[in-house]
Undergrad: 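Structure provided below as structure tokens; questions to follow.
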Protein chains: 2
Amino acid sequence: MSANKGRGTLDERAQKLLKTLIERYVRDGQPVGSRTLSRETALDVSPATIRNIMADLEDHGLVASPHTSAGRIPTEAGYRMFVDSLVTVKPLKKKVVEELNEGITDSGDNAQALVANASKLLSQFTQLAGVVTTPRREHNQLRQIEFLPLSGNRVLAILVVNSREVQNRIIDLDRSYNESELRQAANYLTEQFGGNDVVEVRERLINDLKNTQASMNQMMVDAISIAQRAFEAGDTEDFVLEGQTNLMDFAELSDIDKLRSLFDVFARKRDILHLLDQCTRGQGVQIFIGQESGYEPLGECSVVSAPYSVDNEVVGVLGVIGPTRMAYEQVIPIVDVTAKILGSALKSST
Amino acid sequence: MSANKGRGTLDERAQKLLKTLIERYVRDGQPVGSRTLSRETALDVSPATIRNIMADLEDHGLVASPHTSAGRIPTEAGYRMFVDSLVTVKPLKKKVVEELNEGITDSGDNAQALVANASKLLSQFTQLAGVVTTPRREHNQLRQIEFLPLSGNRVLAILVVNSREVQNRIIDLDRSYNESELRQAANYLTEQFGGNDVVEVRERLINDLKNTQASMNQMMVDAISIAQRAFEAGDTEDFVLEGQTNLMDFAELSDIDKLRSLFDVFARKRDILHLLDQCTRGQGVQIFIGQESGYEPLGECSVVSAPYSVDNEVVGVLGVIGPTRMAYEQVIPIVDVTAKILGSALKSST
DNA sequence: CATTAGCAGTCTGGCCAGCAGAGTGCTAAT
DNA sequence: ATTAGCACTCTGCTGGCCAGACTGCTAATG
């Protein structure tokens with residue numbers, strides 16, 4: 001038994017064959033036979049030899065045949081090996097990078113529009129479904145607070161953070177406040193905490209309320225309790241999915257039931273968010289192949305994702321979702337570059 | 001030739017048969033034959049008679065047969081007649097109304113959440129796709145204006161309207177303004193225009209700028225030109241679509257290409273918005289059947305919609321989209337009631 | 001004269017056999 | 001170790017066949 005058999009490492013030739021097999025299979029979706037493979041490679045070996053090697057690859061669990069007299073198709077393990085060590089990512093053409101850059105930069109300057117556009121571009125350029133989580137900074141600088149009285153004991157709190165994001169929340173209070181009370185409270189808070197991190201502000205608020213309650217006048221106490229309520233609910237995390245209809249073109253998803261459960265997962269959002277969350281750790285492009293994601297409806301799908309950062313802080317994840325049989329060597333650089341562009345676009349708009 | 005033949009009006013018996021034919025066809029999607037129809041009705045006529053009547057109905061263009069030896073299925077004209085004069089809408093059960101009511105009312109109190117929930121409920125209760133346009137009032141009462149300086153000549157304008165909606169826009173100006181200038185301008189505008197209708201404010205702004213420019217001090221001119229910019233861009237109208245995956249269960253849409261073009265229309269949004277816009281005129285439930293919508297991808301779909309109002313003013317449209325073969329007698333009251341509930345829910349949250 | 005029974009005609013959908021095409025695994029030769 | 005050759009197998013397509021379901025027509029009926 002020679003080195004390229006059994007559980008050992010793979011022959012270089014075998015690797016090369018696996019690579020071309022996957023590339024070929026990705027191209028036209030048909031199981032690849034030995035004859036085709038022998039013609040495709042420059043190795044100059046006969047189909048018979050290829051058949052032997054294919055048997056080895058099958059032992060390794062890297063390829064499989066759908067039935068006796070079909071060619072081979074890659075298994076998930078095969079794809080895994082491919083993306084880990086075999087794939088040669090083509091650097092993107094300058095023109096493509098420019099198009100991406102313009103597409104994102106030109107999309108107005110609010111964060112939501114940038115994100116939506118990035119998602120659209122991802123789906124356009126890859127012909128898969130693009131997905132981008134809304135940015136979510138650890139460090140949100142509080143700029144200003146306003147309170148407006150509503151009916152009953154309710155108050156509309158408006159927080160301006162990071163100089164262009166506006167959040168507003170309705171808070172229920174224990175008693176009603178008039179306009180001037182609220183204005184005083186808002187001014188006090190803005191003065192006191194403006195320029196500080198939101199999380200930090202929240203902590204200081206909690207402390208202040210506990211420790212110095214006695215020494216503060218009623219207005220400040222009120223202001224703080226109002227503000228505390230306003231900070232309670234964190235931002236709702238979310239993502240923008242575009243081009244999901246692209247997925248309907250793939251034969252492996254033409255089964256309407258599979259497609260439906262896939263779309264249902266998208267609509268439910270929770271699972272996808274959880275999955276994307278995992279991509280936050282680690283930097284650079286990450287790939288989930290098929291079952292690796294742990295979600296059944298994503299069974300025959302892969303996720304290629306990359307976190308994007310502003311000021312060296314990871315604020316979100318973007319990527320594409322498509323069938324396991326996708327052109328990784330093209331998708332990977334697109335995801336990679338888009339993440340970088342989006343990151344800097346968000347930065348420059350701050 | 002008797003009264004129920006040719007282009008004349010329809011026999012009562014013929015109408016009854018058309019009705020049960022449609023009800024039956026809606027139920028199980030199969031062409032309905034004369035034998036079935038004779039058993040289904042209490043008319044006590046033989047299949048042969050039914051066949052004669054069916055021939056009449058076919059002359060009238062109300063039913064058609066897919067091929068020689070199949071039963072009949074309703075045409076679009078048939079459905080049209082059905083919904084116009086034949087259908088007996090069952091009033092909803094109290095329990096259902098309550099569930100709808102609670103489902104919408106309990107969904108927090110911002111408008112966006114209410115709308116999203118209404119859409120979800122529509123899709124749940126009908127097993128079709130639910131759609132609700134975001135409310136858009138003619139009369140938006142301006143409550144307050146704030147300006148915050150950004151980098152360069154840009155300013156973040158925050159408008160509070162109708163006491164709980166907050167809009168913010170970034171505007172480019174011809175020169176930069178410092179914080180105190182902006183505050184003055186904001187105060188001036190809020191004082192001057194607070195409580196007025198946004199559209200009206202805009203008009204007054206344009207006039208003021210033209211007529212009295214000379215007599216105003218620079219600050220006011222600045223304030224007005226800033227505000228004018230802020231009012232320029234109208235609200236972006238939009239809709240919330242839920243449960244589109246429900247549509248994948250219908251046999252008439254199992255063709256993946258039809259499904260795709262349908263979903264593409266949803267994603268493009270523009271056409272759907274235009275279609276829904278048409279439902280604004282006229283009150284009560286409106287129905288588009290198949291080609292009537294004028295949009296090709298909606299070929300085999302119907303839209304059942306109703307406008308919803310706050311304070312007697314129509315502010316949006318909601319409805320469901322599903323295959324032409326849908327249970328109108330159930331869908332119609334659901335849409336109707338949901339529109340009313342959503343309207344009053346929006347009112348009470350003002 | 002409307003209604004009905006009966007009958008011939010027709011279209012679909014499922015089933016099966018047969019066949020070409022593609023590819024494998026094995027064996028024996030190089 | 002590689003390769004040529006061969007027998008074998010599995011798919012996908014085609015055409016024929018048959019049962020089932022309806023219709024439209026004609027002639028009979030109250």
Side-chain angles (χ1 to χ4, degrees), chain A residues 1-6 8 10-14 16-18 20-21 24-25 27-60 62-75 251-252 254, chain B residues 1-6 8 10-18 20-21 24-25 28-60 62-75 251-252 254:
Chain A
M1 197 177 271
S2 78
N4 66 339
K5 289 214 172 144
L10 237 55
D11 208 346
E12 186 173 341
R13 193 175 58 176
K16 192 154 189 177
L17 278 172
L18 177 59
T20 53
L21 183 145
R24 173 83 193 202
Y25 178 67
R27 247 197 27 225
D28 52 36
Q30 299 295 320
V32 188
S34 56
R35 181 200 222 80
T36 319
L37 221 40
S38 117
R39 263 190 276 108
E40 202 90 342
T41 62
L43 285 174
D44 207 37
V45 283
S46 79
T49 314
I50 306 253
R51 284 203 283 279
N52 289 328
I53 302 172
M54 292 320 255
D56 291 357
L57 288 177
E58 195 160 339
D59 284 349
H60 281 268
L62 299 170
V63 299
S65 43
H67 58 85
T68 343
S69 87
R72 301 302 210 294
I73 60 174
T75 62
E252 43 269 77
S254 68
Chain B
M1 197 175 269
S2 77
N4 66 340
K5 289 218 171 136
L10 236 57
D11 207 346
E12 186 174 341
R13 193 174 60 176
Q15 291 193 7
K16 190 154 188 173
L17 279 172
L18 177 59
T20 52
L21 182 144
R24 173 83 194 202
Y25 178 67
D28 52 36
Q30 297 295 320
V32 188
S34 55
R35 180 200 223 81
T36 319
L37 221 41
S38 119
R39 264 189 276 107
E40 203 89 342
T41 63
L43 286 172
D44 206 36
V45 283
S46 78
T49 314
I50 306 254
R51 283 203 284 279
N52 289 327
I53 303 173
M54 294 319 258
D56 291 357
L57 288 177
E58 194 160 339
D59 283 349
H60 281 269
L62 299 170
V63 300
S65 43
H67 59 84
T68 342
S69 89
R72 301 300 211 294
I73 60 175
T75 62
E252 43 268 76
S254 68

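Because the structure is predicted, anything quoted here is derived from the model rather than measured. Throughout, a chain's letter reflects where its sequence line sits, starting with A, and its residues are numbered from 1.
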Undergrad: Tell me whether the count of non-hydrogen atoms from other residues, nucleotides or ligands lying under 6.0 Å of CG in A:D28 goes above 12.
TA: yes
Undergrad: Which residue lies toward the 5' end of DNA chain C, B:V45 or B:S69, if each is placed at its nearest nucleotide?
TA: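 That would be B:V45.
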Undergrad: Rounded to the nearest angstrom, tell me the gap between atom CZ in B:R24 and atom P in D:dA21.
TA: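 Nearest whole value for this atom pair: 13 Å.
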Undergrad: Grab the CG-C1' distance between B:N52 and D:dT23 for me, whole Å please.
TA: 11 Å
Undergrad: Please report the interatomic distance CG(B:L18) to CG(B:D56), rounded to the nearest 0.5 Å.
TA: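 Taking CG in B:L18 and CG in B:D56, the distance rounds to 12.0 Å.
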Undergrad: About how many Å separate CG of B:L17 and CD1 of B:I50, when rounded to the nearest 0.5 Å?
TA: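 The CG atom of B:L17 is 4.5 Å from CD1 of B:I50, to the nearest 0.5 Å.
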Undergrad: Using atom CE of B:M54 as one end and atom P of D:dT23 as the other, report the distance to the nearest whole Å.
TA: 7 Å
Undergrad: When the distance from CD of A:E40 to P of C:dG23 is rounded to whole Å, what number comes out?
TA: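 These atoms are roughly 12 Å apart.
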Undergrad: Tell me whether A:S65 contacts the main-chain N or O of A:G71 through its side chain, where contact means a donor paired with an acceptor under 3.5 Å.
TA: no
Undergrad: Find the distance A:I50:CD1 to D:dA1:P and express it as a whole number of Å.
TA: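 Value for this atom pair: 17 Å.
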Undergrad: Taking atom types as they are modelled, is there a donor-acceptor pair under 3.5 Å from the base of C:dG6 to the side chain of B:R51?
TA: yes
Undergrad: Please report, rounded to the nearest Å, how far the P atom of C:dG25 is from the CG atom of A:L57.
TA: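 My rounded result for the distance is 12 Å.
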Undergrad: Evaluate A:E40 against A:V32 for side chain to side chain contact (heavy atoms under 4.5 Å, CB included), listing each step before the verdict.
TA: CA-CA 10 Å; A:E40 202 90 342; A:V32 188; over 6 Å; no
Undergrad: Below 4.0 angstrom from OP1 or OP2 of C:dT3, is there any side-chain N or O of B:T49?
TA: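 No, no such contact exists.
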Undergrad: Is there a side-chain polar atom (N or O) of B:T68 under 4.0 Å from OP1 or OP2 of C:dC11?
TA: yes
Undergrad: What does B:A70 touch in the nucleic acid at a heavy-atom separation under 4.0 angstrom: a base, only the sugar-phosphate, or nothing?
TA: sugar-phosphate
Undergrad: Whom does D:dT3 pair with, Watson-Crick or G-U wobble, provided both distances fall under 3.5 Å?
TA: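 When the pairing criteria are applied, C:dA28 turns out to be the nucleotide that pairs with D:dT3.
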Undergrad: Between D:dC22 atom P and B:I73 atom CD1, what is the distance in whole Å?
TA: 14 Å
Undergrad: Considering only C:dT24, C:dA5, C:dT3, which nucleotide approaches the side chain of B:R13 most closely?
TA: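 Given the options C:dT24, C:dA5, C:dT3, the side chain of B:R13 is closest to C:dT3.
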Undergrad: Grab the CG-P distance between A:D56 and C:dT24 for me, whole Å please.
TA: 14 Å
Undergrad: Scan residues 27-37 of chain A against DNA chain D and write down, sorted by residue number, each residue with any heavy atom closer than 4.0 Å; if none is found, say none.
TA: none
Undergrad: Starting at CG of A:L57, measure out to CZ of A:R72 and round the result to the nearest 0.5 Å.
TA: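 Answer rounded to 0.5 Å: 8.5 Å.
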Undergrad: Nearest 0.5 Å, please: how far is CD1 in A:I53 from CG in A:L21?
TA: 11.5 Å
Undergrad: Would you tell me if any nitrogen or oxygen in the side chain of B:R72 comes within less than 4.0 Å of OP1 or OP2 on D:dA21?
TA: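 It does not, given that no N or O in the side chain of B:R72 lies less than 4.0 Å from OP1 or OP2 of D:dA21.
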